[in-house]
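Here the structure is a predicted model, which is why all the values come from computation and not from measurement. Chain naming here is simple, since letters A, B, ... match the order of the sequence lines and numbering starts at 1 in each.
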2 protein chains.
Amino acid sequence: MNLKELARRLDLSPTTVSRALNGYPEVNEATRERVVAAARRYNYQPNTRAIRLATGRAMAIGHVIPIATRHEIVNPVFADFIAGAGEVYSRSGYDMVLSVVPDEAEEQTYRDLKSRGTVDGVIVHAPRLDDPRLPLLREVGLPFVVHGRSSGSAEPYSWVDVNNRRAFRRATEFLLDLGHRRIALVNGLEFMDFAIRRRAGYTEALAERGIASDPAIMFSDEMTESSGYRAAKAALALPDPPTALLVASIISAMGVRRAIEEAGLKLGRDVSVIIHDDELSYLKNGEEVPIFTATRSSVRLAGRLAAEMLIDMMGHPGGPPRERLLEAELIIGQSTGPLQSNATSHGALPDAPALAAGAAKP
Amino acid sequence: MNLKELARRLDLSPTTVSRALNGYPEVNEATRERVVAAARRYNYQPNTRAIRLATGRAMAIGHVIPIATRHEIVNPVFADFIAGAGEVYSRSGYDMVLSVVPDEAEEQTYRDLKSRGTVDGVIVHAPRLDDPRLPLLREVGLPFVVHGRSSGSAEPYSWVDVNNRRAFRRATEFLLDLGHRRIALVNGLEFMDFAIRRRAGYTEALAERGIASDPAIMFSDEMTESSGYRAAKAALALPDPPTALLVASIISAMGVRRAIEEAGLKLGRDVSVIIHDDELSYLKNGEEVPIFTATRSSVRLAGRLAAEMLIDMMGHPGGPPRERLLEAELIIGQSTGPLQSNATSHGALPDAPALAAGAAKP
DNA sequence: TTGAAAGCGATACCAC
DNA sequence: GTGGTATCGCTTTCAA
């Protein structure tokens, strides 16, 4: 069933039917009702391809995933963001177009996306320092919103970001409050903007308590199991090993755990770990207690906001860039365990509500 | 630059230009060369929207992700599949359209995808037993390929699947060869077809050695950290705890590890674990040694094959359904450790090459 | 308030 | 070999 056929059955012109269905004010209410009723009766669905050609809009948003950055698509964070954005697209009648392309073809992909009119705009993932994609997209004339920020960018741009710096600062403070003085950082690759910010939060928290950050226990690598393992292994082998580790991803945390086991240490007794990027929980008296910092739901929200922002921007071309910083929902019900051994104890475990409310200091 | 404009500059008709660019044989070679040269000179890119309307094809493949099945998009397996399929789409000029929809809207989504002409076909993910999507898609008339199988389907259908049954059988055999006699299974939800097949492989391997499978150490749940924890906790609390666990996902494996630690056991000394769905590795003398069964690269291959299959099917409507079973690349260089304690030892660890080659029995 | 008709930018049939 | 033109199904002036 197409527009022309529907119009014929209603004995109306396609023009009027189109207007009625698209909510134009000039149609007679009675007519509109007739049209709407008929449309649902015949299960009329407008042909997307025709709409696209006629309006010149793709009604689609692109997400380009370079394939060498393979960990990225696996990264739960990426999936959550996609899920959030996808919700918005469904609601708004947009399609989400995922392009999985070899690293070196990324630039050409953006150009094609534009010149072939496949998408109306794109979301930029995993920005690096002074990311070359931003000037490229500007040159090409494709509206975009960045998930994350790109320090060093000359021009302003629109972004949605989770406050990674603050999240890591708070996680570090939490460990400090537990009495830890030697805290390792197992970070992602530090040419990624988010990793830089995370490190900044970590070092700030240490500095504030007068603790110098020690490069010997600060690691930066792909967020894989084996890199987590290597980092933790190296850290624990030091003459003055850390009593706690702050880990950037659940995948690297797998490796960290393995290293801890191999070292003959017990998690929660000899050493504490906080994992960013995931929600885990303990069962305690039959109830689930959240234990880690959780950014995942924030990331999903970021996906929603970025999608909404982009759609709105496309409706107002030439508008100013927009920015939105989200606080990660830092939920800590119980750490993986305080270590009182060779660290100066600061007293009891801070209580969860206080932390959740943002008061990192007990 | 569009076709008409390009034709004008060449002083040719749009028809000829179109033919030249699309490789039609009737075009004079000299003309074709002129056209091709001009096209690249002016950086002409045909407008996708127009092609779609004119040809009636969407040049797009849909992937529908129900949102309640949230773990699915997070699942590394899903991401690998997407990456594999995405490669093929890029090469073939297809777009990948991801629809993230609330569970209850899934059926309507498929109908819309068809009637609005957004996609030419779809890939069905995570099939269940006698999955209702298959008859629906047939009714709607949308070509599809299933990633996995749906036992109980009345009609034949096209699918690509990793041999989960054999992978689990071999992993189980591997543990048996190490001397384990009491092996727990931490499986996914067993209304998912793949989980059913995995269990089958596990029980078969046991039966073959005359070991009755014990429901007390067979667990089936969402593949989350806490369900893995619960399963392992329960298993290890039994009067006759397992000496090895076969775990279906890396996420549940996180929980399994936690339970093992809490029980005061040491992985690799007191208990062995094989994790499906991921590649991990140990560092041994500075070299990485793979330790787990790895299906991930197979899954990526499955994505490629499914995409190719679907594209080919769409080119030959009315053709027969196709099937493709992939053996998982079962790589076991080193288990997480044999347990000789209360299990009857069968001798040495089988060597990696033999296992990789498919000889599960030493 | 409604309708006729001209696009949108390709493809593809039919003449020449 | 090449070109004219209808067509895909909708939107959007412009007139009535």
> Give a yes/no answer on whether the side chain of B:Asn2 brings an N or O atom under 4.0 Å of OP1 or OP2 in C:dC8.
no
> Using 0.5 Å steps for rounding, measure from the CG atom of B:Asp131 to the CZ atom of B:Arg149.
14.5 Å
> Which nucleotide in the list C:dT2, D:dT11, C:dG9 gets nearest to the side chain of A:Asn22?
D:dT11
> Output the rounded distance in Å from CG (A:Leu3) to P (C:dC8).
19 Å
> So does B:Thr16 get a side-chain nitrogen or oxygen closer than 4.0 Å to the phosphate oxygens (OP1/OP2) of D:dT2?
no
> Among B:Ile65, B:Leu113, B:Val122, find the one that has a side chain to side chain contact (heavy atoms under 4.5 Å, CB included) with B:Ser99.
B:Leu113
> Less than 4.0 Å between a side-chain N and a carboxylate O, is that true for B:Arg91 and B:Glu308?
yes
> Within the structure, does a side-chain N or O atom of A:Tyr24 lie under 4.0 Å from either OP1 or OP2 of C:dT1?
no
> Hey, is the side chain of A:Thr55 poking within less than 4.0 Å of OP1 or OP2 on D:dT11, counting only N and O atoms?
no
> Looking only at the side chain of A:Ala54 (C-beta and beyond, no hydrogens), which of the listed nucleotides C:dT11, D:dT12, C:dG7 gets closest?
C:dG7
> Give a yes/no answer on whether the side chain of B:Ser18 brings an N or O atom under 4.0 Å of OP1 or OP2 in C:dT11.
yes
> Thinking salt bridges, do A:Glu106 and A:Arg133 make one under a 4.0 Å N-O criterion?
yes
> In whole Å, I'd like the distance from the CZ atom of B:Arg57 to the P atom of C:dG9.
20 Å
> Any base atoms under 4.0 Å from B:Arg52, or only sugar-phosphate, or nothing? Heavy atoms, all strands.
nothing
> Could you check how far CD of A:Glu5 sits from C1' of D:dC10, rounded to whole Å?
15 Å
> Using OP1 and OP2 only, check whether a side-chain N or O of A:Thr31 sits under 4.0 Å from C:dT2.
yes
> Answer with yes or no whether B:Arg116 presents, from its side chain, a donor or acceptor under 3.5 Å of a partner atom in the base of D:dG9.
no
> It should be established whether A:Ser13 places a side-chain nitrogen or oxygen under 4.0 Å from OP1 or OP2 of nucleotide C:dA4.
no
> Whole angstroms only, please: what is the CZ-C1' distance between A:Arg49 and D:dT7?
14 Å
> Taking atom types as modelled, find out whether A:Ser151 and A:Asp193 have a side-chain donor-acceptor pair closer than 3.5 angstrom.
yes
> Would you mind reading off the distance between B:Arg19 atom CZ and C:dA10 atom P, rounded to a whole angstrom?
16 Å
